[in-house]
*Asks:* 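Quick one: the structure is below, and I'll ask about it shortly.
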Amino acid sequence: MTETTSAGQETGAGDTPVDDRKAWATTGLGFFGALAMTSCCILPLVLVSFGVTGVFIAQLGVLYQYRWITFALSAAFIGYGFYKAYRPTPAKACADGTCARPMNRTLMRSLLWLATAIVAVAMIFPYLAPYVLSY
């Protein structure tokens, strides 16, 4: 199934600007999900390191019980973001020399890999914290 854009170009199904916005939205949600994973363990340590103090920092430890929920949501968003960022562009979309997908895939891929690294660190941090913080 092909669609015609306002410029008269045919694009393959799933290559509309709306799909590009969905891909960026998914990437953003995956990245913010990764940051949410740090809210119970890593974020308080970073805030104290930068001199931010307050009672609210101690309250962030309560979010530890939701770690697996935020992990599942982050993994789902990051996985879908990787699917959107790494799937090949259909040949019909680039038949006339211009691709119908103008999004910056390099930036999207970089953000997804950064979010994946943040999630990995947030998942192993509780197990490594006793060794790291004992020095």
Side-chain angles (χ1 to χ4, degrees):
M1 175 178 199
T2 59
E3 301 169 3
T4 305
T5 62
S6 61
Q9 296 176 338
E10 284 189 4
T11 60
D15 288 319
T16 63
V18 173
D19 286 337
D20 290 344
R21 284 193 298 268
K22 286 180 184 177
W24 276 107
T26 304
T27 301
L29 287 172
F31 192 75
F32 286 121
L35 293 178
M37 290 226 22
T38 67
S39 63
C40 70
C41 310
I42 300 172
L43 183 63
L45 184 64
V46 171
L47 289 175
V48 169
S49 297
F50 286 126
V52 178
T53 59
V55 176
F56 73 94
I57 292 176
Q59 300 301 323
L60 290 175
V62 174
L63 298 175
Y64 184 75
Q65 62 187 342
Y66 301 113
R67 184 175 71 138
W68 291 106
I69 295 171
T70 57
F71 171 70
L73 290 173
S74 298
F77 286 131
I78 289 171
Y80 186 65
F82 273 122
Y83 167 74
K84 288 295 221 178
Y86 280 99
R87 77 177 175 161
T89 304
K92 290 181 181 179
C94 295
D96 63 351
T98 60
C99 287
R101 177 180 289 199
M103 68 180 171
N104 187 352
R105 284 182 156 192
T106 305
L107 178 62
M108 182 183 288
R109 290 173 181 169
S110 300
L111 287 174
L112 286 168
W113 281 111
L114 179 64
T116 303
I118 291 171
V119 168
V121 168
M123 287 302 291
I124 63 172
F125 184 77
Y127 304 108
L128 294 177
Y131 302 111
V132 173
L133 298 177
S134 66
Y135 293 108

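Computed from a prediction, not measured in an experiment: that's the story for all the values here. What's counted below: heavy atoms across the whole structure, side chains too, no hydrogens, waters or symmetry copies. Position 1 is the first residue of the sequence; numbering continues from there.
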*Asks:* Do you reckon V46 sits in the same ILVMFWY cluster as F125, going by side-chain contacts under 4.5 Å, direct or chained?
*Replies:* yes
*Asks:* What pairs of residues pass the side-chain hydrogen bond (donor to acceptor under 3.5 Å, both in side chains) test when at least one of them lies in residues 112-125, not counting sequence neighbours?
*Replies:* Y86-W113
*Asks:* Counting C-beta onward and ignoring hydrogens, is there a side-chain heavy-atom pair between W24 and L107 closer than 4.5 Å?
*Replies:* yes
*Asks:* Work out which heavy atom in A115 is nearest to a heavy atom in G30; give both atom names and the distance.
*Replies:* CB-O, 4.1 Å
*Asks:* Tell me the closest heavy-atom pair linking M123 and M37, and the distance in Å.
*Replies:* SD-CE, 3.3 Å
*Asks:* Indicate if L128 and Y64 have the same hydrophobic cluster label, given that clusters are the connected sets of ILVMFWY residues with side-chain heavy-atom separations under 4.5 angstrom.
*Replies:* no
*Asks:* Looking only at heavy atoms, what is the nearest atom pair of K84 and A23, with distance?
*Replies:* CB-CB, 3.7 Å
*Asks:* Could you check whether any side-chain heavy atom of T27 comes within less than 4.5 Å of a side-chain heavy atom of F31, counting everything from C-beta outward?
*Replies:* no
*Asks:* How close do A34 and V119 get, heavy atom to heavy atom, and via which atoms?
*Replies:* CB-CG2, 3.5 Å
*Asks:* Kindly give the heavy-atom pair with the smallest separation between A85 and L112, and that separation in Å.
*Replies:* CB-CD1, 3.9 Å
*Asks:* Under 4.5 Å between side-chain heavy atoms, hopping through other hydrophobics if needed: is there a path connecting Y80 to I118?
*Replies:* no
*Asks:* For residues M108 and G81, report the shortest heavy-atom separation together with the two atoms involved.
*Replies:* SD-O, 4.5 Å
*Asks:* If hydrophobic clusters are built by linking Ile, Leu, Val, Met, Phe, Trp and Tyr wherever their side-chain heavy atoms come under 4.5 Å apart, do I78 and Y83 end up in the same one?
*Replies:* no
